[in-house]
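What follows is a short report on a single structure.
As the structure is a prediction and not an experimental result, all values here were calculated from the model.
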Amino acid sequence: WQELDLPSSYAPGFVNIDGYLYCVEEDGTFLRDADKGVLHFDGNGRFTLGDAELDTQIAEYLKGVVEGNPNATRLDLLRIAFDHCYQDFKYLRKASYPMGKTGWEIEDAKDMLESGRGNCYGFAALFWAYARMLGYEARAVSGTCTDTDQAHGWVIINIDGEDYFFDPQWQYAYIDRGVTNK
């Protein structure tokens with residue numbers, strides 16, 4: 001038995017099928033066992049965060065978002081995911097990571113989904129996972145903020161050649177405290 005790689009009916013670029021991200025190449029086939037930037041696509045052509053359980057959880061949420069918003073652009077879907085992160089989760093004080101630490105994203109995203117609560121790293125990790133599953137080369141950052149060098153986590157996404165800062169935990173804090181002038 002040999003699997004045929006026939007062209008799909010999708011236009012080249014990213015496509016979300018049942019909540020999962022695929023990359024359609026110029027010839028109409030799905031990118032398989034390869035990377036597109038920092039995004040890895042497995043042997044079936046499906047993007048993976050590197051953790052099957054988290055992939056499934058993120059895809060389940062995004063499937064409902066995509067189906068519920070059939071005319072939404074990828075950027076619209078990113079905004080919906082961002083809003084979900086700060087509106088549907090609560091803050092929980094936890095230990096911070098040293099500046100520049102990496103590798104915490106998957107576990108913190110899973111913890112956030114399991115408990116519904118997390119610190120800035122949990123908020124950032126969850127949004128990072130949603131953004132990547134939508135085809136954005138999101139980077140979760142552990143760094144410092146404010147003039148006191150307070151440890152903090154956030155997400156940076158390059159959109160059309162420009163880096164943008166996303167911080168669902170700060171958005172949560174502002175809304176929670178009734179701050180509307182930021």
Side-chain angles (χ1 to χ4, degrees), residues 14 16 18-23 31 33-66 74-75 77-146 149-159 162-174 176:
F14 294 121
N16 191 290
D18 290 331
Y20 290 95
L21 180 70
Y22 295 84
C23 182
L31 183 65
D33 266 335
D35 297 332
K36 182 156 182 88
V38 299
L39 305 176
H40 179 72
F41 294 84
D42 67 15
N44 295 317
R46 181 184 283 178
F47 166 74
T48 180
L49 291 160
D51 183 280
E53 179 185 3
L54 184 58
D55 288 348
T56 300
Q57 291 171 311
I58 298 298
E60 285 175 1
Y61 169 73
L62 289 177
K63 178 180 180 183
V65 169
V66 170
R74 234 171 24 112
L75 197 55
L77 298 172
L78 185 67
R79 179 56 191 228
I80 292 167
F82 179 84
D83 291 349
H84 166 63
C85 288
Y86 81 80
Q87 291 172 346
D88 298 329
F89 294 88
K90 300 291 181 202
Y91 185 80
L92 176 65
R93 186 176 299 272
K94 294 170 70 175
S96 59
Y97 296 116
M99 185 168 74
K101 174 139 176 79
T102 60
W104 47 269
E105 301 88 350
I106 289 174
E107 287 308 312
D108 278 43
K110 288 169 69 172
D111 287 347
M112 191 75 158
L113 289 169
E114 182 179 312
S115 70
R117 301 171 63 100
N119 63 3
C120 56
Y121 302 100
F123 280 86
L126 183 58
F127 182 64
W128 166 87
Y130 287 141
R132 285 210 169 176
M133 191 69 83
L134 289 169
Y136 288 95
E137 292 196 21
R139 292 181 293 134
V141 177
S142 64
T144 60
C145 64
T146 73
D149 288 335
Q150 175 183 347
H152 192 63
W154 65 91
V155 175
I156 295 174
I157 301 175
N158 187 285
I159 300 172
E162 196 164 335
D163 284 341
Y164 290 88
F165 172 96
F166 294 85
D167 195 329
Q169 189 271 317
W170 270 3
Q171 183 73 19
Y172 167 85
Y174 287 146
D176 188 55

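Atom NZ of K36 has 12 or fewer neighbouring heavy atoms from other residues, nucleotides or ligands inside a 6.0 Å radius. Around atom NZ of K90, no more than 12 heavy atoms belonging to other residues, nucleotides or ligands sit under 6.0 Å away.
Residues R46 and F41 fail the side-chain proximity criterion, which asks for heavy atoms closer than 4.5 Å. Using a 4.5 Å heavy-atom cutoff, the side chains of I106 and K110 are in contact. Contact annotation: the side chain of V38 never approaches that of R139 to less than 4.5 Å [non-hydrogen atoms, C-beta and beyond].
Residue D55 holds its CG atom at 4.5 Å from CE of M133, rounded to the nearest 0.5 Å. Atom-to-atom distance recorded for I157:CD1 and L78:CG is 4.5 Å, nearest 0.5 angstrom. Distance check: N16 CG to L21 CG gives 6.5 Å after rounding to the nearest 0.5 Å. Distance check, rounded to the nearest 0.5 Å: CG of L75 to CZ of R79 gives 9.5 Å. The OG1 atom of T48 sits 7.0 Å away from atom NE2 of H40, with the distance rounded to the nearest 0.5 Å. Note that NZ of K94 and CG of D111 are 4.5 Å apart. Values are rounded to the nearest 0.5 Å.
When only modelled atom types and interatomic distance are considered, D88 and Y61 share no side-chain donor-acceptor pair under 3.5 Å. Using modelled atom types, one finds no donor on one side chain facing an acceptor on the other under 3.5 Å when comparing Y91 with R117.
Taking the ring centre of Y136 as origin, the terminal cationic atom of R74 falls inside the region bounded by 6.0 Å and 45° from the ring axis.
When each of F123, F82, F127 is tested with Y172 by the rule ring pair (Phe, Tyr, Trp, His ring centres under 6.0 Å), just one qualifies, namely F123.
Taking every heavy atom of both residues into account, M99 and G143 meet most closely at CG-CA, 3.7 Å.
The main-chain N or O of A138 is found under 3.5 Å from a side-chain atom of R132 such that the two form a donor-acceptor pair. Between the E60 side chain and the I58 main chain, no donor and acceptor come within less than 3.5 Å of each other. Judged by distance alone, with hydrogens and angles left aside, the side-chain atoms of D42 form a donor-acceptor pair with the main-chain N or O of N44 at under 3.5 Å. In this structure, the side chain of T144 does not engage the main chain of A151 through any donor-acceptor pair within 3.5 Å.
W154 and H152 have parallel rings, their planes meeting at less than 30° on a 0 to 90° scale where 60° marks the start of perpendicular.
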